[in-house]
There are 2 protein chains.
Amino acid sequence: MKAKPRQHYEARAQIAKALAHPSRLLILDALSEKELCVCDLTELVGADQSTVSKHLTVLKSAGLVSGRKDGSMIYYRMQCPCLGGFFECMESVLKTNLKTQQQLVRAL
Amino acid sequence: MKAKPRQHYEARAQIAKALAHPSRLLILDALSEKELCVCDLTELVGADQSTVSKHLTVLKSAGLVSGRKDGSMIYYRMQCPCLGGFFECMESVLKTNLKTQQQLVRAL
DNA sequence: TGCCGATATGGTAATATTACCATGAAGGCA
DNA sequence: TGCCTTCATGGTAATATTACCATATCGGCA
């Protein structure tokens, strides 16, 4: 591994941080199908509108979603098709973790 | 999208949180090449040994790395080959963000 | 213009994360 | 056994994240 500057990892950590909240993962999951307005997402998440708006700001700052203005509403959409691969990776990690736990239980 | 329980996203957020720190990304990057002991990683990260140990605990709890004991040392290794795909995804997001910024600058 | 619905932002309290120091536990070796 | 090295853990202070309320902004419409 060639040493990369701290800045390199800071930038990547920013993206990971944007993914590190259940509500934001839910939002991304919903947006992976079609674009939705803040009101749709607010209802979906079930939190205060301002809270959802701030989550969207985080996702947008990380470059994971983008907003399209239409009248008084703003439709958000996913910006990164590759995120699907990440979600699959998380699934496989969780599956592996589950197997590991089962083995531990069996060994009792 | 079929509605998934909150728990579903909580579990995934835990994994994303484990990735959401520059030092931990640096550690994973190093471990992607070969297994390393805590002392190697402590020197690499340049933080207190206890700090690095805690980072490793976070990564291990998330199921992203595993430790192998050898004498008085513990060698850590990556547990999830699929993480590479995630890193590529982050790269592509960062690249896209850069392009977007350049376009904004050009539009001035 | 005046009001309303949709979003964003500022303020603030609760909670979580992080780093370091001090210390504990366990293995290797004289 | 006693000491040293390696790693983990408890404590604590600084910082970051998060949620909600209140409010500002902006577009549409009467």
Side-chain angles (χ1 to χ4, degrees), chain A residues 6-7 9-28 30-31 34-79, chain B residues 6-7 9-28 30-31 34-79:
Chain A
R6 163 169 296 274
Q7 195 183 355
Y9 296 102
E10 298 265 3
R12 280 143 194 81
Q14 274 308 113
I15 296 178
K17 276 186 196 176
L19 296 169
H21 191 288
S23 297
R24 291 198 288 270
L25 291 177
L26 170 56
I27 288 170
L28 288 173
L31 292 183
K34 63 171 183 290
E35 63 176 20
L36 294 165
C37 66
V38 181
C39 54
D40 291 334
L41 294 168
T42 297
E43 189 184 355
L44 180 68
V45 171
D48 192 88
Q49 177 269 321
S50 68
T51 300
V52 173
S53 178
K54 281 179 183 173
H55 280 312
L56 288 167
T57 300
V58 171
L59 290 172
K60 195 161 127 186
S61 300
L64 300 178
V65 306
S66 62
R68 176 180 68 83
K69 205 165 186 177
D70 181 9
S72 65
M73 309 174 74
I74 297 188
Y75 286 93
Y76 280 89
R77 61 155 64 194
M78 279 197 105
Q79 196 63 20
Chain B
R6 163 169 295 275
Q7 195 183 353
Y9 296 103
E10 298 265 3
R12 281 145 193 78
Q14 272 310 112
I15 296 178
K17 277 186 197 176
L19 296 169
H21 192 288
S23 296
R24 291 197 289 269
L25 291 178
L26 170 56
I27 289 170
L28 287 173
L31 292 183
K34 62 171 186 289
E35 62 176 21
L36 294 166
C37 65
V38 181
C39 52
D40 291 333
L41 294 168
T42 297
E43 189 183 356
L44 180 68
V45 172
D48 192 89
Q49 178 270 320
S50 69
T51 300
V52 173
S53 179
K54 281 179 182 172
H55 281 311
L56 288 166
T57 300
V58 171
L59 291 171
K60 193 161 131 186
S61 300
L64 300 179
V65 306
S66 63
R68 176 180 68 82
K69 201 166 188 177
D70 182 10
S72 64
M73 309 174 75
I74 297 188
Y75 286 94
Y76 280 90
R77 61 155 64 194
M78 279 197 106
Q79 196 62 21

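By convention in this document, chain letters (A, B, ...) are assigned in the order of the sequence lines, proteins followed by strands, and residues within each chain are numbered from 1.
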Check your understanding: Nearest 0.5 Å, what's the CG-CG distance between Leu31(B) and Asp40(B)?
Key -> 9.5 Å
Exercise for review: Evaluate side-chain contact (heavy atoms from CB on, under 4.5 Å) for Leu28(A) paired with Leu19(A), printing each intermediate quantity in order.
Suggested key: CA-CA 9 Å; Leu28(A) 288 173; Leu19(A) 296 169; 3.4 Å; yes
Check your understanding: dT17(C) C1' sits how many Å from Gln14(A) CD, rounded?
Key -> 14 Å
Check your understanding: Arg24(A) side chain to Lys17(A) main-chain N or O, any donor-acceptor pair under 3.5 Å?
Key -> yes
**Study point:** Side-chain N,O (Tyr76(B)) to OP1/OP2 (dA8(D)) below 4.0 Å
**Key:** yes
Practice item. Starting at atom CD of Glu10(B), determine the distance to atom C1' of dA16(C), rounded to an integer number of angstrom. Key: 13 Å
Point to revise | Under-4.0 Å side-chain N/O to phosphate OP1/OP2 contact, His21(B) with dA19(C) | key: yes
Exercise for review: Report yes if at least one side-chain N or O of Thr51(A) is closer than 4.0 Å to OP1 or OP2 of dC20(D); otherwise report no.
Suggested key: yes
Point to revise | Any Lys17(B) side-chain nitrogen or oxygen under 4.0 Å from OP1 or OP2 of dT17(C) | key: yes
Check your understanding: Do Ser66(B) and Gln79(B) meet the criterion of a side-chain donor-acceptor pair at a distance under 3.5 Å?
Key -> yes
Point to revise | Whole angstrom value for the distance that separates P of dT18(D) from CG of Leu25(A) | key: 11 Å
Exercise for review: With DNA chain D as reference, determine whether Ser50(A) or Gln49(B) sits nearer its 5' end, using the nearest nucleotide of each.
Suggested key: Gln49(B)
Review point. Does Ser53(B) place a side-chain N or O at less than 4.0 Å from the phosphate oxygens OP1/OP2 of dA8(D)?
Key: yes
Review point. How many Å lie between CG on Leu56(B) and P on dT6(D), as a whole number?
Key: 15 Å
Check your understanding: Between dT17(D) atom C1' and His55(A) atom NE2, what is the distance in whole Å?
Key -> 10 Å
Exercise for review: Using whole Å, report how far CG of Leu36(B) lies from C1' of dC7(D).
Suggested key: 15 Å
**Study point:** Length of the line joining Arg6(A):CZ and dA19(C):C1', which is rounded to integer Å
**Key:** 12 Å
Check your understanding: Between dT12(D) atom P and Asp48(B) atom CG, what is the distance in whole Å?
Key -> 17 Å
Point to revise | Any N/O donor-acceptor pair, Lys54(A) side-chain to dG11(C) base, under 3.5 Å | key: yes
Review point. Hey, is CZ on Arg68(A) packed in by over 12 heavy atoms from elsewhere, all under 6.0 Å?
Key: yes
Practice item. Look at all strands and tell whether Tyr75(A) reaches a base, only sugar-phosphate, or nothing, counting heavy atoms closer than 4.0 Å. Key: nothing
